[in-house]
Amino acid sequence: MYPKSLEKLIEDFQKLPGIGEKTAERLALHLITAQPKEDVLSFSKDLEEAYTSIKTCQICHMITDDTSCFVCKDTNREPIVMVVAEAKDVIVLEKMQTYRGYYHVLGNVIDFSRGITNEDLNIESLHQRLSQFEEMIIATNSTVEGELTARYLHSLFNETIKITRLAYGLPVGTDFKYADSQTLAKAVENRKGF
Ligand SMILES: [Zn+2]
C-alpha cells in the first residue's frame with residue numbers, strides 16, 4: 001500500500017516502546033507529508049547527532065556527551081551513592097531536586113528469564129568507587145528483579161559500607177518513575193536500613 005521507503009519508516013517507528021501499527025503509520029505519514037522538508041531533515045540530523053555523541057559517564061555510567069556526567073563533575077555533593085537500574089532513573093531523581101548525593105547506574109537488573117545475570121551489571125566499577133562514600137542507597141524498583149538485584153548487592157557490600165533502601169510507600173511492583181516527586185522525596189528521606 002505504501003512506497004517501500006515509507007513502509008520501512010513505519011516499521012522503524014513500530015520498534016519504539018509503546019508505538020503500535022496505527023501510531024507508527026500516523027507518525028511516519030505526518031513526518032513525510034505534513035512537515036516542511038527542512039524540519040524533517042533537521043530531525044533526522046538531530047537523531048543521528050544525538051545517537052553518535054551520547055556516551056556513558058566513565059564514572060557512574062549515566063548518559064552524557066562528555067567523559068563524565070554533570071553529577072560526577074559536581075564536587076559539592078554529599079558522600080552518598082544511590083544505585084539505580086537505568087540512566088533514566090537518575091533523571092527522575094534529579095528532577096525532584098532534594099537528593100544531593102551521587103549515583104551509580106547498573107545498566108540493568110538481574111533477570112534470569114531474560115538471561116541477565118550479575119555479570120551484565122556495572123558492579124565492578126561500583127565496587128571501585130565505594131571508598132569515597134559513607135552510604136549506599138539501593139534504589140532498584142520493588143519488582144521481583146529489582147529486589148533480587150538489591151539483595152545481591154547487599155550480600156556483596158554490606159561488610160564494606162552502610163546500605164539503605166528507599167522507603168517506597170508504593171504498591172509492590174510499581175516502577176518508581178511513575179511516583180510523583182513528593183512520594184519519591186519522602187522515599188529518599190525516610191530510607192531504611194537493609
Ligand atoms: Zn557520572
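All ligand and atom numbering here is 1-based and tracks the order in the structure. Values in this document were obtained by computation on a predicted structure and should not be read as measured data.
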Taking only Lys NZ, Arg NE, NH1 and NH2, and the carboxylate oxygens of Asp or Glu, determine whether [X] and [Y] approach each other closer than 4.0 Å.
X      : Y      : answer
Arg151 : Glu145 : no
Glu135 : Arg191 : yes
Arg26  : Glu21  : no

hydrophobic_cluster_shared for Met62 and Leu130, side chain cutoff 4.5 Å: yes
Degrees at the Zn ion (ligand 1) between the SG atom of Cys60 and the SG atom of Cys57, nearest 10°: 110°
Degrees at the Zn ion (ligand 1) between the SG atom of Cys69 and the SG atom of Cys72, nearest 10°: 110°
The Zn ion (ligand 1) reached by His61 (N, O or S, under 2.8 Å):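 It does not: His61 brings no N, O or S atom closer than 2.8 Å to the Zn ion (ligand 1).
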